Amino acid sequence: MPVQDLDKIFQEKIDDEIKIEPKDWMPEAYRKTNTRQISQHAHSEIVGMLPEGNWISRAPTLKRKAILIAKVQDEAGHGLYLYSAAETLGMSREEMINDLHSGKAKYSSIFNYPTITWADMGAIGWLVDGAAIMNQVMLTRTSYGPYARAMVRICKEESFHQRQGFEILLVLSRGSKEQKEMCQDAINRWWWPSLMMFGPKDSESTNSDQSMKWKIKRKTNDELRRNFVDMIAEQIKTLGMKLPDDNLKWNEKRKHYDFGEINWEEFWNVVKGNGPCNKQRLDARKKAWENGAWVREAAAAYAKKKASSPASGGTKGGALVAA
Ligand code: FAQ
């Protein structure tokens with residue numbers, strides 16, 4: 001069948017809300033965009049473990065430590081579902097990891113900021129996971145089947161993460177003068193970078209038009225950012241804290257909050273690798289990859305042994321490598 005016809009059938013499926021599955025025909029650019037977005041999303045989850053991992057050994061109580069460990073483990077799980085979803089498009093996990101390590105593939109700008117105080121754990125949960133959910137609820141309806149299905153489970157876990165972050169800040173906001181100040185300081189530092197997570201303004205977004213047409217994205221960067229501001233501007237009232245934006249004001253006509261201008265120079269600087277922690281984050285990932293080489297080798301050797309042993313039921317051991 002000529003490519004134009006295949007293309008037409010493909011777009012009709014998208015328009016009819018039929019999910020695209022790995023073995024279906026798809027335009028190469030659709031495959032490429034999904035591989036890019038899903039793998040970058042996976043990298044974000046894995047790199048995203050580092051800022052919080054920094055506080056596991058210093059969490060204020062045993063209960064807080066257990067919760068934080070569980071949350072960071074959830075992020076690892078999200079990374080693994082997403083790498084698996086990206087692999088169904090034909091790129092190997094090793095290639096994806098190489099692209100992360102070489103700086104070719106991006107990951108979310110937000111994870112290049114330092115976690116200085118315990119309140120940062122609250123701010124990350126509330127604001128960073130909050131922004132992530134705003135974006136990811138939309139992605140549960142994305143057109144590529146494996147990505148959409150991965151997002152359903154991820155969103156359930158993220159909403160727990162957001163609540164635990166808010167609760168950390170709520171406790172601090174009702175604590176001593178120092179705790180209140182720590183809470184406000186964390187909000188001040190994480191607010192603007194959280195808004196940057198949604199990506200450049202629509203007018204600067206190179207991928208949005210095509211991704212909306214293919215229903216990879218269902219809402220634009222600016223729409224999601226606006227919805228996030230509306231949500232947080234209300235929730236912060238419960239904390240009795242302030243968002244660091246003098247231009248934040250309810251606009252009765254628009255039925256949305258107006259807010260100040262994002263520092264786009266800072267955003268692009270971080271995206272290009274020059275943020276406060278970019279080097280530290282990539283170095284940590286590369287080191288973890290090198291240190292884990294023996295585990296991958298052992299798993300591959302075990303899988304090979306299992307596959308060649310008839311008593312074990314053939315290929316069962318292969319699951320170890322894929323997991
Ligand atoms: N950081 O044309 P657009 C999480 C790049 S998960 C770095 O608008 P697109 C969970 C973009 O890649 C957080 N780069 O791009 C968690 C593109 O460059 P490229 C991650 C960014 O793809 C919580 C260029 O700018 N979530 O937080 C960023 O249509 C707590 C032009 O931009 C996802 O990945 C950025 N913020 O829209 C974990 C969700 N924004 O690739 C641990 C899935 C844009 O062409 C702890 N991704 N760029 O070279 C998406 O929804 C989209 O990819 C967007 C960007 C909305 C992020």
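As a basis for the values below, the full set of heavy atoms in this structure was taken, side chains included, without hydrogen atoms, waters or symmetry mates. It should be emphasised that the depicted structure is a prediction, and the values quoted were computed from it without experimental measurement.
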Looking only at side-chain N and O atoms, does [Y] offer a donor or acceptor that is under 3.5 Å from a partner on [X]?
X	Y	answer
Y257	E234	yes
W264	E204	no
Y81	R153	yes
N188	Q184	yes
Q40	H43	no
S208	K217	yes
Y30	S143	yes
E265	N269	no

Do the charged groups of [X] and [Y] touch, with an N to O distance under 4.0 Å?
X	Y	answer
E95	K104	no
D230	K255	no
R218	E17	yes
K213	D209	no
K19	D24	no
E181	K177	yes
R296	E94	no
E290	R285	no
E12	K8	yes
D283	K287	no

For T33 against S211, the heavy-atom pair lying closest together |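 That would be CG2-OG, 3.7 Å.
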Rounded to the nearest 0.5 angstrom, the CG-CD distance for L169 and Q179 is 11.5 Å
Side chain to side chain contact (heavy atoms under 4.5 Å, CB included) assessment of E87 paired with M96 | CA-CA 9 Å; E87 279 176 311; M96 289 184 244; 3.6 Å; yes
With side chain to side chain contact (heavy atoms under 4.5 Å, CB included) as the test, would you mind laying out the steps for I38 and Y83 before giving the verdict?
-> CA-CA 7 Å; I38 304 170; Y83 281 128; over 6 Å; no
Who else is in the cluster with F160 when I, L, V, M, F, W and Y are joined by side-chain contacts under 4.5 Å?
->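 I67, all in the cluster of F160.
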Run the salt bridge (Lys or Arg N to Asp or Glu O under 4.0 Å) check on R163 and E167 step by step: do they pass?
-> CA-CA 6 Å; R163 267 177 271 168; E167 198 265 343; over 6 Å; no
Counterpart residues, salt bridge (charged side-chain N to carboxylate O under 4.0 Å, His left out), relative to K272 (two or more places apart) =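 If we apply the salt bridge (charged side-chain N to carboxylate O under 4.0 Å, His left out) test to K272, skipping adjacent residues, there are no hits.
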Test item: [X] side-chain N/O and [Y] main-chain N/O as donor-acceptor pair under 3.5 Å:
X	Y	answer
R36	R31	no
D222	D202	yes
N34	L89	no

Where do I236 and K242 land on the side chain to side chain contact (heavy atoms under 4.5 Å, CB included) test, with the steps shown first?
-> CA-CA 7 Å; I236 197 158; K242 270 192 72 165; 5.5 Å; no
Show your working on side chain to side chain donor-acceptor pair (under 3.5 Å) between W192 and E266 and close with a plain yes or no.
-> CA-CA 10 Å; W192 291 105; E266 175 183 325; over 6 Å; no
Whether F228 and W191 hold their rings parallel, tilted or perpendicular, with breakpoints at 30° and 60° = parallel
Same cluster for F10 and I18 if Ile/Leu/Val/Met/Phe/Trp/Tyr side chains link at under 4.5 Å?
->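 Different clusters: F10 never reaches I18 through Ile, Leu, Val, Met, Phe, Trp or Tyr contacts under 4.5 Å.
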Can you get from V137 to I232 by hopping between Ile, Leu, Val, Met, Phe, Trp and Tyr side chains that sit under 4.5 Å apart?
->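 Different hydrophobic clusters.
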Please find out if less than 6.0 Å separates the ring center of H41 from that of Y107.
->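 Ring-ring flag for H41/Y107: false, centres at least 6.0 Å apart.
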